[in-house]
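Computed from a predicted structure; not experimentally measured.
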Amino acid sequence: MVKLSVDFEHPSRQWWESGGQQLWDGIIEEVGASSVVTDDDIAQSWLAQARALPGWDAGPEFAPHPIQSRSLAEDDPDA
């Protein structure tokens with residue numbers, strides 16, 4: 001399982017305005033959600049699409065991407 005989360009410290013809007021918002025809206029389960037937990041394969045496919053959009057790497061070193069990903073163990077409370 002992988003948790004995808006909006007990185008609110010990422011200052012650039014380029015990714016969101018270049019198709020990222022539509023991509024994000026397609027994976028979240030409820031409108032306005034800032035994170036989602038999904039299967040590894042779905043997360044990897046989604047991240048490949050996300051990386052292809054302009055602005056993915058437009059953030060500073062501490063928040064380089066608009067979306068963070070974190071692998072979860074099965075016993076993780078977020079899973």
Side-chain angles (χ1 to χ4, degrees):
M1 301 298 284
V2 175
K3 182 175 185 178
L4 302 172
S5 304
V6 174
D7 188 342
F8 292 104
E9 293 186 348
H10 180 86
S12 176
R13 294 289 308 159
Q14 182 184 15
W15 183 83
W16 294 99
E17 295 167 356
S18 298
Q21 185 67 58
Q22 291 84 356
L23 191 63
W24 182 248
D25 290 346
I27 197 167
I28 58 174
E29 296 173 359
E30 56 184 72
V31 176
S34 62
S35 66
V36 64
V37 175
T38 188
D39 292 330
D40 293 350
D41 292 340
I42 293 171
Q44 294 309 316
S45 174
W46 188 92
L47 285 166
Q49 293 176 55
R51 289 182 187 111
L53 295 174
W56 178 256
D57 293 318
E61 187 175 325
F62 64 89
H65 313 297
I67 304 295
Q68 299 175 349
S69 67
R70 179 171 69 96
S71 294
L72 300 176
E74 288 188 25
D75 60 347
D76 191 307
D78 286 339

Phe8-Leu4 co-clustered via ILVMFWY side chain contacts under 4.5 Å: yes
From NE2 (His10) to CG (Asp57), nearest 0.5 Å: 8.5 Å
For His65, ring pair (Phe, Tyr, Trp, His ring centres under 6.0 Å) partners two or more places apart: Trp56
Using distance only, find each side-chain donor-acceptor pair of residues 26-55 under 3.5 Å and give its atom names and separation, not counting sequence neighbours.
{"unit_1": "Asp40", "atom_1": "OD1", "unit_2": "Met1", "atom_2": "N", "d": "3.0"}
{"unit_1": "Trp46", "atom_1": "NE1", "unit_2": "Leu23", "atom_2": "O", "d": "3.1"}

Minimum side-chain heavy-atom gap Ile67-Val6 below 4.5 Å: yes
